[in-house]
Novice: 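Provided herewith is a single structure, encoded as structure tokens, for subsequent inquiry.
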2 protein chains.
Amino acid sequence: MDWTDLQHFLALAREGTLSAAARSLNVDHVTVARRVAALEASLSLRLVDRRPRSYELTEDGKRIAKIAAPMTDTAFAVERAVQASKSGIGGDITISAPPSLANVLIAPKLIRLRQQHPGIRIKLIGEKRTASLNRREADLALRLSRPSEPGLIARKIGYFEFALYGSPDYLKTTPPHAFAFIAYDSSMDDVPQQRWMMRFAASREIVLRSNDLENQAAAARTGMGLAALPKFLGEADPRLERHDIGGRPVGREVWLVVHRDLRRTPTVRIVAGFIEDCLA
Amino acid sequence: MDWTDLQHFLALAREGTLSAAARSLNVDHVTVARRVAALEASLSLRLVDRRPRSYELTEDGKRIAKIAAPMTDTAFAVERAVQASKSGIGGDITISAPPSLANVLIAPKLIRLRQQHPGIRIKLIGEKRTASLNRREADLALRLSRPSEPGLIARKIGYFEFALYGSPDYLKTTPPHAFAFIAYDSSMDDVPQQRWMMRFAASREIVLRSNDLENQAAAARTGMGLAALPKFLGEADPRLERHDIGGRPVGREVWLVVHRDLRRTPTVRIVAGFIEDCLA
DNA sequence: GTCCATTTGTGCGAATTCTCACAACAAGAT
DNA sequence: ATCTTGTTGTGAGAATTCGCACAAATGGAC
């Protein structure tokens with residue numbers, strides 16, 4: 001049995017489609033199709049039903065995928081072990097962080113890290129989707145709440161508060177009872193800053209919903225309404241002015257997350273220290 | 001990271017040499033060398049020291065091999081699961097048994113199994129070395145003592161006794177105090193039948209040591225001395241005559257061993273039943 | 001309805017990988 | 001001393017595999 005065939009089959013089982021599996025493996029979708037077919041042939045067992053527009057696992061395929069799944073975990077553990085045994089300082093480090101944190105707090109200071117340690121190549125991915133450290137989609141991650149996955153080490157390295165911001169002109173000319181608001185889309189209704197702003201907005205109108213904080217900030221700058229923005233973002237921008245409201249301010253903690261296997265790697269430690277400095 | 005590269009590296013780590021790893025994988029030794037080199041290149045990590053006539057794992061290599069080893073176990077678990085999900089009766093079944101049991105009790109009756117179930121292809125390996133059911137070197141095994149490995153199901157399906165046999169002529173012409181004996185080599189001094197015979201032989205001479213029971217039987221037939229043979233082997237041969245001695249006879253239990261994962265497979269059940277009949 | 005994005009399937013040329021044959025060398029047996 | 005057996009290493013041709021370009025089909029957006 002060819003292990004690479006198994007790898008491709010597991011990717012298909014995990015991703016659901018040939019194309020998605022191919023993307024996750026960085027190969028052509030045809031290759032995935034061929035390797036799955038090869039695996040079926042070598043096992044003399046039908047693993048997938050080829051439906052017109054989709055691949056669906058057979059019962060046998062589901063059982064085999066479940067049994068074989070630990071191989072993927074072990075393979076990633078190997079990759080982490082390899083990364084961990086690189087004793088020198090240098091190499092590729094991937095950081096995953098919420099886009100706003102990445103753009104405002106991390107990216108502008110990367111030049112300093114680069115000067116101190118030219119051997120380190122940073123890959124910074126600003127994604128809402130939390131990258132999996134277990135699957136080694138990132139070596140370090142910034143999260144806004146403590147992760148619970150096993151094998152991960154989290155440390156609280158910062159805290160920031162939100163405030164409402166609008167353009168100076170908008171705040172001067174608009175009476176509070178006529179305020180309009182800019183919010184995340186409704187899938188984010190449960191995050192603290194959204195709930196906080198919604199409570200304050202009460203029945204007043206929400207004129208824009210965007211899942212991108214930068215878009216909200218841009219809209220607020222043009223005088224479209226008030227947006228709940230992190231202070232580190234709003235205070236630095238002269239085109240935005242804070243509108244203080246009463247009550248307890250809302251804030252989020254910032255957690256730095258690293259996999260246990262990579263904790264002691266010199267390069268990872270250095271980058272982790274750098275990120276802490278960025279948040280200080 | 002290519003999983004097949006890992007597979008080849010693990011085979012090398014397990015077997016110790018390129019050639020042995022190549023044999024276990026049914027490929028050319030050059031292939032193993034290249035895949036290990038490819039793995040090293042893709043990880044940027046030296047895994048082996050190439051010494052003049054041997055490959056030796058580096059410290060990194062040992063650590064990686066240890067971490068990755070579970071992948072091999074899982075791969076074999078997949079193969080067993082595949083075997084187990086073959087619902088029809090038929091296919092290849094490998095039986096491992098001590099040579100004497102295989103030759104005398106199993107092999108002659110295989111024709112009956114073949115007649116009843118033409119779809120089943122049996123591979124019978126008579127080896128002293130106990131084949132690994134975990135590594136799927138065999139689907140069913142006969143052992144003379146209860147195995148302790150985890151995941152294996154053992155059932156006692158038989159019992160046979162040993163007796164001393166010599167040629168009829170030898171027994172007629174030789175007085176007991178002049179008996180000569182035929183034994184296993186000294187690596188087998190601890191097995192019960194050997195201890196039993198040695199105690200009876202006391203100071204009398206051992207004229208032949210062989211690790212093959214068939215050789216011992218052949219020597220006994222020619223009148224070279226007495227050999228401790230299973231009764232099922234000695235009684236059926238007119239050229240051998242039993243020499244009874246006092247005391248409690250020595251015997252061995254026969255255990256039928258199957259992996260838990262294959263227990264319920266129809267084909268395996270049928271073959272297991274057949275083997276039980278052979279021993280009854 | 002039309003357009004766009006996404007999915008799987010096919011044919012072909014290019015790149016890669018594998019096996020085979022042979023070589024060099026060491027260790028042990030005869 | 002010679003022969004056999006078992007290592008690893010090298011080069012070349014054959015076999016395999018891969019990716020690309022294109023096609024067909026479906027579902028959703030507008």
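We use all heavy atoms of the structure for the numbers below, so side chains are in, but hydrogens, waters and symmetry mates are not. So you know, we letter chains A, B, ... as the sequences are listed, proteins then strands, and number each from 1. Just so it is clear, the model here is predicted, and its values are computed rather than measured.
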Novice: Taking 4.0 angstrom as the limit, do D92(A) and K86(A) come out as a salt bridge?
Specialist: no
Novice: Any donor-acceptor pair under 3.5 Å between the side chain of R53(A) and the base of dT7(C)?
Specialist: yes
Novice: Give the rounded distance in Å between these two atoms: CG of D28(B) and P of dT8(D).
Specialist: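 Nearest whole value for this atom pair: 12 Å.
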Novice: Using a strict 4.0 Å threshold on nitrogen-to-oxygen distance, state whether R46(B) and E56(B) make a salt bridge.
Specialist: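 Salt bridge absent between R46(B) and E56(B).
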Novice: What is the distance, rounded to the nearest whole Å, between atom OH of Y55(B) and atom P of dC25(C)?
Specialist: 17 Å
Novice: Between T31(A) and dG19(D), is there a side-chain N or O to OP1/OP2 distance below 4.0 Å?
Specialist: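 Indeed, a polar side-chain atom of T31(A) lies that close.
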Novice: Just compare dT19(C), dT7(C), dT7(D) and give me whichever is closest to any side-chain atom of T17(A).
Specialist: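 So the nucleotide nearest the side chain must be dT7(C).
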Novice: Reckon S19(A) touches a base, only the sugar-phosphate, or nothing at all at heavy-atom distances under 4.0 Å?
Specialist: base
Novice: Provide, to the nearest angstrom, the distance between the NE2 atom belonging to H8(B) and the P atom belonging to dC18(C).
Specialist: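 Result: 6 Å.
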Novice: Counting the atoms with a prime plus P, OP1 and OP2 as sugar-phosphate, which does R23(B) contact under 4.0 Å by heavy atoms, base, sugar-phosphate, or nothing?
Specialist: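 Sugar-phosphate, backbone atoms only, no base.
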Novice: Whole-Å distance between dC18(C) P and L25(B) CG?
Specialist: 11 Å
Novice: Please report the distance, rounded to the nearest Å, between CG in L18(A) and P in dT10(C).
Specialist: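 Result: 12 Å.
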Novice: Would you check if there is a donor-acceptor pair between the side chains of S42(B) and D2(B) at a distance under 3.5 Å?
Specialist: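 Short answer, no.
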Novice: Would you mind reading off the distance between D49(A) atom CG and dG9(C) atom P, rounded to a whole angstrom?
Specialist: 12 Å
Novice: R35(A) near the nucleic acid: base, sugar-phosphate alone, or nothing, with a heavy-atom cut-off under 4.0 Å?
Specialist: sugar-phosphate
Novice: Is there a stack between H29(B) and dT7(D), judged by ring centres under 5.5 Å and planes under 30°?
Specialist: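 According to the criterion (under 5.5 Å, under 30°), no, H29(B) does not stack.
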Novice: Just how far, in rounded Å, is P of dG9(D) from CG of L12(B)?
Specialist: 11 Å
Novice: Report yes or no: is there a donor-acceptor pair, N or O only, under 3.5 Å between the side chain of R34(A) and the base of dG19(D)?
Specialist: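 Under the 3.5 Å cut-off, the side chain and the base do form a donor-acceptor pair.
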Novice: Taking the side chain as everything from C-beta on, heavy atoms only, tell me whether H259(B) gets closer than 4.5 Å to R136(B).
Specialist: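 No, side chains not in contact.
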Novice: Can R50(B) and E40(B) be counted as an ion pair, charged N to O under 4.0 angstrom?
Specialist: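 Salt bridge flag = yes for E40(B) with R50(B).
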Novice: Find the distance E15(B):CD to dT8(D):C1' and express it as a whole number of Å.
Specialist: 17 Å
